[in-house]
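One structure is given here, and the rest of the page talks about it.
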Amino acid sequence: PGILAYLAYDNLRGTRQATKWYFTALAFSLLALLSKSTAVVIPLLLISLDALLLHREASRSEWKTLLLEKTPFFLLGAGFGLLANWAAGESPVNSLVAGLSTMQRILLPLYTLAFYPVKILIPLGLTPIYDSVSARWMAAGALLTALVLGGALRAARKGNTTWLLAFACYAFTILPAITGLSAGIQPWADRYAYLPSIALFVLIGSGVTLLWEWSPKGWHASILTALACIAVVFGVMDRRQVAIWKDSENLFRAAVREAPAVPIGYDYLGIALADKGDDDGALEMYRTAVRLDPTLADAYYNAAVVFQRKT
């Protein structure tokens with residue numbers, strides 16, 4: 001809503017109604033920050049919209065005005081960013097990240113940028129917990145990101161900034177998840193891509209619309225058939241995924257199959273088994289978790305709860 005309110009403000013710039021929409025955008029940004037720390041990137045999204053869509057031909061003096069009006073957004077973002085960082089404290093680094101080589105850590109941000117679009121387009125092996133990957137796969141992901149960014153920059157030089165805007169919006173909104181690795185969060189989780197993927201879907205939708213408008217009418221039936229086939233394939237895949245996600249035990253059994261070296265999956269599976277009364281099964285999962293990561297305090301605590309219940 002904050003972005004939409006800003007677009008309305010920009011459209012009415014110079015009128016009496018513009019001020020109302022400006023403060024509406026600011027209020028929605030504040031509400032977003034109170035809801036989720038990802039909203040700290042809102043000022044970067046607004047600047048991207050200005051530079052690549054709304055005011056591509058702005059003069060230097062006009063840019064001073066554009067940047068000045070973003071000051072409240074930047075102040076709110078910086079304030080809440082510092083607050084979120086303080087609240088996180090000095091949490092331990094995620095065990096997967098701790099096990100990465102120096103080269104893998106360098107490649108990690110670029111690989112992560114490629115990870116989510118690939119999972120959206122090819123949703124195979126979806127799991128709430130992902131295992132680490134080799135340096136070769138990380139290099140491939142980083143190369144894919146570099147190629148996409150290079151293509152977007154080349155298109156922008158030719159006057160088409162749509163691709164670069166979509167890339168910027170996606171990258172900026174995924175940025176908090178990438179930079180939050182030091183707080184001990186999972187390096188990859190599908191939920192991190194919910195908001196960033198909006199830019200990708202808008203781009204895909206625009207591409208389909210342009211294809212429809214530019215193609216001869218005789219191709220329309222083929223386009224509709226192709227879209228219907230894609231919808232059927234994704235529907236079948238969704239149906240299979242729903243069967244895995246039907247309850248916590250099934251979900252985390254699938255997670256440990258997909259990522260057998262990640263200790264937190266066994267911890268969560270242990271919790272699911274304990275909730276069903278399978279204390280022996282839960283303890284076995286907790287033992288596996290601490291064998292993989294002897295510093296995983298949650299597994300020790302959860303095992304202690306089960307032992308207390310058994311005695």
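These figures come from a predicted structure and were not determined experimentally.
Both M103 and F115 belong to a common hydrophobic cluster when Ile, Leu, Val, Met, Phe, Trp and Tyr are linked at side-chain heavy-atom distances under 4.5 angstrom. The hydrophobic clustering, which links ILVMFWY residues whose side-chain heavy atoms are closer than 4.5 Å, places F23 and L45 together. With hydrophobic clusters built from ILVMFWY side chains whose heavy atoms lie under 4.5 angstrom apart, Y130 does not share a cluster with L296. The hydrophobic cluster containing L200 does not contain W163, counting ILVMFWY residues as joined when their side-chain heavy atoms lie under 4.5 angstrom apart, directly or transitively. In terms of hydrophobic clustering, with Ile, Leu, Val, Met, Phe, Trp and Tyr side chains grouped at heavy-atom distances under 4.5 Å, L26 and L66 are assigned to a common cluster.
Note on ring orientation: taking the six-membered ring where Trp is involved, the planes of H220 and W212 are parallel (angle under 30°, cut-offs 30° and 60°).
Between the side chain of S35 and the backbone N or O of L31 there is no donor-acceptor pair closer than 3.5 Å. Between the side chain of D278 and the backbone N or O of A274, no donor-acceptor pair lies under 3.5 Å. At distances below 3.5 Å, not a single donor-acceptor pair connects side-chain atoms of K70 with backbone N or O atoms of L46. A donor-acceptor pair is defined here as one N or O able to donate and one able to accept, closer than 3.5 Å; no such pair exists between the side chain of E213 and the backbone of V208. Under a 3.5 Å cut-off, the side chain of E62 and the backbone N or O of S59 do form a donor-acceptor pair. Judged purely by atom type and a 3.5 angstrom limit, T145 has no side-chain atom pairing as donor or acceptor with the backbone of L113. When atom types are taken as modelled, the side chain of Y266 and the backbone of P260 share a donor-acceptor pair closer than 3.5 angstrom.
A distance of 5.5 Å separates SG in C169 from CG in L49, rounded to the nearest 0.5 Å. The distance from the CG atom of D279 to the CD atom of E284 is 13.5 Å, given to the nearest 0.5 Å. Remark: I230 CD1 to T225 OG1 distance equals 11.0 Å, nearest 0.5 Å.
A salt bridge is defined here as a Lys NZ or Arg NE, NH1 or NH2 lying under 4.0 Å from an Asp or Glu carboxylate O, and E69 with R13 meets this definition. Ion pairing between D50 and R56 fails under the 4.0 Å rule for side-chain N and carboxylate O.
Checked against a 6.0 Å centroid threshold, the rings of W188 and Y111 count as neighbours. Aromatic ring centres of Y6 and Y22 lie farther apart than the 6.0 Å criterion allows.
Residues Y116 and D190 have side chains that never bring a donor and an acceptor to within less than 3.5 angstrom of each other.
Side-chain contact between S48 and L165 is present, with at least one heavy-atom pair separated by less than 4.5 Å. Side-chain atoms of D247 and L251, non-hydrogen and from C-beta on, never get closer than 4.5 Å to each other.
Nearest heavy atoms, S197 versus Y194: OG-O, 2.9 Å. Between G141 and A114, the shortest heavy-atom distance links the atoms O-CB, 3.4 Å.
The other members of the hydrophobic cluster of V202, by chain and number, are L195, I198 (side-chain heavy atoms under 4.5 Å, ILVMFWY only).
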